[in-house]
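Heads up, the thing below is written out as structure tokens.
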Amino acid sequence: MIGNDIVDLQFASYQSNWQRKGWLQKIFTTAEQQHIHNSENPNRMVWKLWSMKEATYKVHQSYLSHAPRYNPLDFHCSLNGNVYIHNHIYGVKTETTKEYVHSVAMQYDVNYDSKIMQKGEDLKLRLKQTLAEKVDINISNITIEKDKNRIPRIYIDKKETNIGISLTHHGEYSAFVIEY
Amino acid sequence: MNKEELLSKLKTIISPYVQNQKGLNNLSEDTDFIKDLEINSANLVDVVLDVEDEFDIEIDNDSMEKMLTVKASITVIEEKLAAK
């Protein structure tokens with residue numbers, strides 16, 4: 001199981017005002033708010049921690065197969081890249097550029113492929129191409145379908161597989177991860 | 001406040017964050033904020049804060065967790081109004 005989340009920083013600054021009264025308190029723990037306030041770049045820290053929580057939410061939801069919830073405050077980020085949710089720990093790798101923040105969350109240190117793409121490119125097609133090459137099958141045998149909790153699952157020859165994938169898009173960017 | 005008034009106020013609150021206008025035109029109790037209206041998950045907290053301001057209620061984390069659909073949001077608002 002794997003999860004990922006991308007934040008387009010320019011789009012985020014237009015879409016969200018995290019300095020709004022009460023905003024940070026609804027999403028971040030007191031410790032996380034301290035990290036934000038002590039950071040040299042509070043804006044980037046807000047979106048880094050947010051993407052860590054979102055990526056972890058996706059892998060955790062995929063693992064427990066639960067209905068969608070909006071509980072960012074339950075996910076506790078540590079600056080070494082671990083995210084804690086109830087009794088579970090996930091490891092998160094975050095890449096930050098001037099343009100975007102991209103986080104990949106996983107249960108164990110697994111091998112994965114990840115690709116960040118611009119808006120307009122076919123994310124699902126690229127994911128299928130990547131997977132087809134890796135497992136050496138024809139791309140037409142692969143389908144992606146969302147389950148009842150809207151978690152994307154990979155089907156090969158119409159049979160559900162346990163290949164972990166995650167898709168994300170925001171503003172000008174989209175990204176996927178595939179776990180092997 | 002009856003359900004129609006509540007629904008109408010909620011519609012006004014969510015409108016600025018909706019990225020799929022078609023979903024807003026077809027708004028019903030079953031409307032899902034993310035799936036049907038394409039509200040960005042980071043904006044859901046704005047919806048929660050706007051609901052708090054509009055109805056003068058406080059929405060705790062356990063209630064916020066449920067506020068992903070029109071129906072669940074109305075239930076939360078009604079509960080909090082009744083507890084005032």
Side-chain angles (χ1 to χ4, degrees), chain A residues 3 5-9 11-30 43 46-58 60-61 66-76 85-86 101 103 119 146-152 168-171 173, chain B residues 10 12-24 26-80 84:
Chain A
D5 186 71
I6 197 156
V7 176
D8 177 335
L9 290 169
F11 194 60
S13 67
Y14 145 84
Q15 203 175 38
S16 292
N17 172 19
W18 58 264
Q19 279 155 321
R20 174 181 184 183
K21 189 170 174 282
W23 203 95
L24 291 176
Q25 288 77 8
K26 285 265 189 258
I27 293 178
F28 298 108
T29 64
T30 316
N43 182 62
V46 164
W47 297 114
K48 180 185 174 178
L49 295 174
W50 169 258
S51 78
M52 286 172 73
K53 285 177 187 238
E54 284 277 286
T56 307
Y57 169 85
K58 287 182 190 174
H60 187 64
Q61 192 208 5
H66 69 64
R69 280 178 205 153
Y70 191 56
N71 58 338
L73 201 53
D74 290 342
F75 292 80
H76 301 173
I85 163 82
H86 304 137
V101 180
S103 290
K119 196 177 183 174
K146 286 189 176 179
D147 70 10
K148 64 177 192 315
N149 294 319
R150 299 206 303 274
I151 300 163
T168 175
H169 53 92
H170 187 236
Y173 298 96
Chain B
L10 187 62
T12 308
I13 287 171
I14 60 179
S15 294
Y17 312 111
V18 169
Q19 298 188 87
N20 179 359
Q21 286 304 317
K22 212 170 144 193
L24 192 62
N26 300 325
L27 196 79
S28 76
E29 283 214 354
D30 297 321
T31 301
D32 184 295
F33 291 155
I34 293 171
K35 187 177 101 191
D36 301 319
L37 303 179
E38 293 171 27
I39 295 179
N40 182 268
S41 52
N43 282 137
L44 286 179
V45 71
D46 292 299
V47 171
V48 172
L49 291 169
D50 289 347
V51 164
E52 286 189 333
D53 290 346
E54 175 65 35
F55 297 97
D56 193 25
I57 52 178
E58 197 181 319
I59 294 170
D60 52 276
N61 193 38
D62 288 344
S63 301
M64 182 166 107
E65 177 174 318
K66 301 172 198 152
M67 288 179 61
L68 289 163
T69 65
V70 168
K71 194 182 208 163
S73 304
I74 286 179
T75 305
V76 167
I77 296 165
E78 284 177 337
E79 276 170 11
K80 298 294 175 192
K84 273 219 299 193

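Every chain is numbered from 1 and lettered A, B, ... according to where its sequence line falls, protein lines coming before strand lines.
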In this structure, are over 12 heavy atoms from other groups packed under 6.0 Å from [X] atom [atom1]?
X: K71(B); atom1: NZ; answer: no
X: E58(B); atom1: CD; answer: no
X: K148(A); atom1: NZ; answer: no

Original post:
By a 4.5 Å heavy-atom criterion (distance strictly below it), what part of Y57(A) contacts chain B: side chain, backbone, both, or neither?
Top reply: neither
Original post:
Contact part of R69(A) toward chain B, heavy-atom cut-off under 4.5 Å: side chain, backbone, both or neither?
Top reply: both
Original post:
Rounded to the nearest 0.5 Å, what separation is found between the CG atom of D74(A) and the CG atom of D62(B)?
Top reply: 7.5 Å
Original post:
Roughly how far apart are L44(B) CG and K26(A) NZ, rounded to 0.5 Å?
Top reply: 13.0 Å
Could you check whether any side-chain heavy atom of [X] comes within less than 4.5 Å of a side-chain heavy atom of [Y], counting everything from C-beta outward?
X: V45(B); Y: Y70(A); result: yes
X: K66(B); Y: N71(A); result: no
X: N43(B); Y: S16(A); result: yes
X: L73(A); Y: E65(B); result: no
X: Q19(B); Y: Q15(A); result: yes
X: S41(B); Y: W50(A); result: yes

So for [X], is it side chain, backbone, both, or neither that comes closer than 4.5 Å to the heavy atoms of chain A?
X: E38(B); result: neither
X: M64(B); result: both
X: D32(B); result: side chain
X: L49(B); result: both

**OP:** Check the pair R20(A), D50(B) against side chain to side chain contact (heavy atoms under 4.5 Å, CB included), reporting the backbone distance first and the verdict last.
**Re:** CA-CA 11 Å; R20(A) 174 181 184 183; D50(B) 289 347; 2.4 Å; yes
